[in-house]
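Okay, so here's the structure we're looking at.
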Amino acid sequence: VARHGAALVMGVILAGGKRSRFGSDKASAMLAGPPLLQWVIDAVQQVCVEVLIIAARGQSLPAVSCDVPLRVVRDRYLESGPLAGMVTAFEAAPEALCLVVSCDAPLIEPRLLRYLGEVAEGAMAVCPEAGGRAQPLVAVYRAADCLPAFREAVEGGERRVLRGMSSLGTVKLLPEDEVRRFDPGLRSFSGVNTPEELARAASLLEERAQG
């Protein structure tokens with residue numbers, strides 16, 4: 001499951017984002033029992049050989065469990081956004097095919113994550129589309145191919161992942177109808193940015209549990 005071609009799929013969870021709208025650390029926010037971060041780990045570990053958590057300097061992470069090796073890597077950039085966190089991850093796993101997700105997507109669908117890795121051959125990145133836009137924080141990247149361009153972008157002051165991707169040679173975009181084959185409700189892209197969205201995620205998880 002976790003090996004595609006010569007590449008190992010490395011799970012990268014970005015946990016160090018700013019929390020201005022949420023009001024507290026999102027990774028530690030409790031959702032139906034476990035913290036948000038645990039829900040994401042549960043999905044990612046199903047399709048990856050190892051999980052990297054990219055945390056901000058000084059950030060306290062909640063206690064979590066993982067069935068595959070887990071490492072915490074501190075972001076070497078200070079409050080520079082997800083693109084910088086990805087540079088830190090790619091430097092830590094330069095030979096990997098990296099599945100990158102945010103820590104605030106508790107409804108992420110493992111079937112979609114697996115498919116992203118399966119169709120990555122020949123591309124520097126595979127990025128799904130949902131809601132009329134590319135979704136770069138539920139996507140797969142070849143670290144060796146993406147690191148130079150992403151590092152240059154970050155060191156030039158860029159924070160947006162899509163802008164960093166613009167200089168990559170081959171990016172495979174998955175149209176929304178293809179994404180819906182694996183995630184019909186597009187819930188993988190339902191980020192939790194406010195306490196209200198946390199409550200909404202709890203309701204959706206309860207619906208899912210009830211079948």
Side-chain angles (χ1 to χ4, degrees), residues 11-48 51-68 70-75 78-86 88-89 99-114 116 127-139 159-162 176 179-180 182-211:
V12 173
I13 302 175
L14 303 177
K18 294 183 72 173
R19 52 185 184 271
S20 54
R21 281 195 289 165
F22 195 76
S24 61
D25 187 73
K26 287 196 288 186
S28 299
M30 306 307 286
L31 174 61
L36 265 179
L37 180 59
Q38 184 67 63
W39 288 99
V40 180
I41 290 173
D42 288 348
V44 170
Q45 70 182 2
Q46 296 183 43
V47 299
C48 295
V51 174
L52 296 183
I53 298 175
I54 307 301
R57 281 177 266 176
Q59 180 183 10
S60 295
L61 295 175
V64 294
S65 61
C66 188
D67 294 337
V68 298
L70 183 148
R71 282 192 285 158
V72 175
V73 179
R74 297 291 170 176
D75 196 340
L78 182 63
E79 295 186 359
S80 296
L83 187 63
M86 290 164 69
T88 296
L99 167 67
V100 177
V101 298
S102 173
C103 74
D104 65 354
L107 300 167
I108 202 161
E109 176 52 65
R111 292 182 303 164
L112 175 61
L113 302 184
R114 182 175 290 111
L116 293 175
C127 185
E129 294 179 313
R133 61 185 295 271
Q135 303 287 337
L137 294 185
V138 184
R159 299 171 65 93
R160 292 163 294 183
V161 180
L162 289 175
E176 184 172 309
V179 174
R180 285 184 183 274
F182 304 94
D183 185 357
L186 302 179
R187 290 180 175 178
S188 295
F189 313 104
S190 298
V192 174
N193 293 303
T194 65
E196 292 76 18
E197 289 176 350
L198 185 68
R200 171 64 174 160
S203 297
L204 291 172
L205 284 169
E206 185 175 353
E207 289 177 18
R208 188 170 72 179
Q210 294 174 350

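This chain uses plain numbering: 1 for the first residue, then up along the sequence.
Pairing each heavy atom of Pro128 with each of Val138, the nearest pair is CD-O, 2.9 Å. Scanning all heavy atoms of the two residues, the minimum distance from Gly11 to Val44 falls at CA-CG1, 3.7 Å. Smallest separation of non-hydrogen atoms from Val68 and Cys48: CG1-O, 3.6 Å. In terms of heavy atoms, Pro35 sits closest to Ala27 at CB-O, 3.5 Å. Closest of all the heavy-atom pairs between Gly131 and Leu186 is N-CD1, 4.4 Å. Summarising the geometry of Asp75 relative to Ala84, their closest heavy-atom pair is OD1-O, 3.7 Å, with the distance given to 0.1 Å.
Between Val100 and Met86 there is a side-chain heavy-atom pair separated by less than 4.5 Å. Within the 4.5 Å cutoff, the side chain of Ile13 has no heavy atoms near those of the Ser102 side chain. Side-chain contact between Leu137 and Val101: absent, with no pair of heavy atoms (C-beta onward) separated by less than 4.5 Å. Side-chain atoms of Leu36 and Leu198, non-hydrogen and from C-beta on, do get closer than 4.5 Å to each other.
Environment of CZ in Arg200: sparse, with no more than 12 heavy atoms of neighbouring residues, nucleotides or ligands closer than 6.0 Å.
How far CZ of Arg71 is from CG of Leu52: 4.5 Å, rounded to the nearest 0.5 Å. Note that the CG atom of Leu113 and the CG atom of Leu99 stand 5.0 Å from one another [nearest 0.5 Å]. Note that the CD1 atom of Ile108 and the CD atom of Gln46 stand 11.0 Å from one another [nearest 0.5 Å]. To the nearest 0.5 angstrom, Ile53 atom CD1 is 7.5 Å from Cys66 atom SG.
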Output, in order, the C-alpha distance, side-chain angles, deciding distance and verdict of side chain to side chain contact (heavy atoms under 4.5 Å, CB included) for Asp104 and Val40.
CA-CA 8 Å; Asp104 65 354; Val40 180; over 6 Å; no
Can you check side chain to side chain contact (heavy atoms under 4.5 Å, CB included) on Phe189 and Leu112, steps first, answer last?
CA-CA 11 Å; Phe189 313 104; Leu112 175 61; 3.8 Å; yes
Criterion salt bridge (Lys or Arg N to Asp or Glu O under 4.0 Å) on Arg180 and Glu176, from CA distance to verdict
CA-CA 6 Å; Arg180 285 184 183 274; Glu176 184 172 309; 3.0 Å; yes
Derivation and outcome, side chain to side chain contact (heavy atoms under 4.5 Å, CB included), residues Leu37 and Lys26
CA-CA 8 Å; Leu37 180 59; Lys26 287 196 288 186; over 6 Å; no
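Side-chain N or O atoms of Gln45 include one that pairs as donor or acceptor with a backbone N or O of Asp67 at under 3.5 Å. Judged purely by atom type and a 3.5 angstrom limit, Arg187 has no side-chain atom pairing as donor or acceptor with the backbone of Leu107. Between the side chain of Gln38 and the main chain of Ser65, a donor-acceptor pair closer than 3.5 Å is present. Checking side-chain atoms of Gln135 against main-chain N and O of Cys127 turns up no donor-acceptor pair under 3.5 Å. Side chain of Arg114 to backbone of Glu109: no donor-acceptor contact under 3.5 angstrom is found.
For Phe182, the ring-ring contact (aromatic ring centres under 6.0 Å, His included) criterion is met by Tyr115, not counting sequence neighbours.
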